[in-house]
Amino acid sequence: MREGLIRFATLTGAVAQVGLWLAGTGLVLMTVFVFAQVFYRYVIGSSLFWAEPAAVMLMGWFIFLGAAVGVKEGYHLSFDVGLMVVPESWRPWFHSFSDVVVTGFGFGMVWFGWQLAARASTGVVPGLGISRLWDFVPLIGGGLLLMLFSVERILRRAAGLRTLRFGDNDEIEDVAGAGSAAPLMAAEALHDRNTTAAPRARKGD
């Protein structure tokens, strides 16, 4: 199971990398469109009728794709005060419960986003001339990725593999070293180091 999850993590890592590049590209294009609109309006005295709706649509893409990649990489902030008062053995259950909640949130994004897209599909985006369905495609796509990455985190934790959370990235980088292998391999190395270091510590005591 561990080997299968590691291969699956390689696939989802590639998906996350593509999503991250698309989100970054969307952010750059949105900035260019807004700048062009301002330049045309206040310098040339004309207007790019398509720039504003295109920028808004791109904003939806990079927000939802970036949020999903943040779940995959463990970049989102976490509120861990409650974890400080429970036994350490309980903490993985709370972490998994958090991932279950995110999975449910992603399902809600897909479910209600699909309903909104179906209702708006007959309309047209002003300035672009395309169906308003495309306004909600980022919501659906982001929800699907949230579900995929959250389920992966749950399965990794159940298999005993290290699952990144906010604040763990510096520790992983210390294990990986500058210019070393991928973060996934670093995470596995850190997991192995932790599991082998504990028996040695007990033996020394």
Side-chain angles (χ1 to χ4, degrees), residues 1-27 59-84 86-118 135-173 175-176 182-192 194-195:
M1 181 178 179
R2 290 169 60 93
E3 290 75 11
L5 282 174
I6 292 174
R7 289 193 295 268
F8 180 65
T10 303
L11 175 62
T12 57
V15 173
Q17 189 70 24
V18 172
L20 188 61
W21 276 99
L22 289 176
T25 303
L27 177 59
M59 183 173 64
W61 276 108
F62 74 73
I63 285 176
F64 289 115
L65 287 178
V69 174
V71 170
K72 163 70 177 176
E73 302 295 338
Y75 288 157
H76 289 289
L77 292 171
S78 57
F79 189 72
D80 293 342
V81 174
L83 297 178
M84 299 173 63
V86 300
E88 187 174 355
S89 60
W90 292 15
R91 295 178 184 178
W93 294 97
F94 283 90
H95 296 162
S96 296
F97 176 73
S98 176
D99 290 329
V100 170
V101 172
V102 175
T103 304
F105 186 80
F107 177 80
M109 290 170 59
V110 175
W111 180 263
F112 293 108
W114 183 267
Q115 292 183 352
L116 290 171
D135 282 334
F136 302 99
V137 170
L139 179 64
I140 299 172
L144 288 173
L145 290 180
L146 278 179
M147 295 172 62
L148 174 65
F149 296 149
S150 297
V151 169
E152 178 196 354
R153 293 173 63 83
I154 295 171
L155 293 176
R156 284 178 61 86
R157 195 173 290 112
L161 295 174
R162 185 166 181 83
T163 306
L164 287 177
R165 300 181 69 249
F166 182 80
D168 291 340
N169 300 307
D170 293 339
E171 186 179 5
I172 292 300
E173 290 173 359
V175 176
L184 174 63
M185 297 178 64
E188 304 307 332
L190 181 58
H191 172 75
D192 294 338
N194 290 340
T195 55

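Numbers for residues simply follow the sequence, beginning at 1. Here the structure is a predicted model, which means the values were calculated and not measured.
Contact check for Phe64 versus Ile140: no side-chain heavy atoms found under the 4.5 Å cut-off. Counting heavy atoms from C-beta on, the side chains of Lys72 and Leu145 never come closer than 4.5 Å. Put simply, the side chain of Phe105 reaches to within 4.5 Å of the side chain of Leu146, judged on heavy atoms. Side-chain contact between Asp99 and Arg157 is present, with at least one heavy-atom pair separated by less than 4.5 Å. Ile63 is not listed as a side-chain neighbour of Pro138, based on a closest heavy-atom distance of 4.5 Å or more.
Rounded to the nearest 0.5 angstrom, Thr25 OG1 and Leu65 CG are separated by 10.5 Å. With rounding to the nearest 0.5 angstrom, the CD atom of Gln17 is 6.0 Å from the CG atom of Leu20. Interatomic distance, CG of Leu139 versus CG of Leu144, reported as 10.0 Å (0.5 Å rounding). Atom CZ of Phe149 sits about 14.0 Å away from atom CD1 of Ile154, to the nearest 0.5 Å.
Nearest heavy-atom pair across Gly66 and Ala23 is N-CB, 4.2 Å. Shown here for Val71 and Ser150, the closest heavy-atom pair between the two residues is CG1-OG, 3.7 Å.
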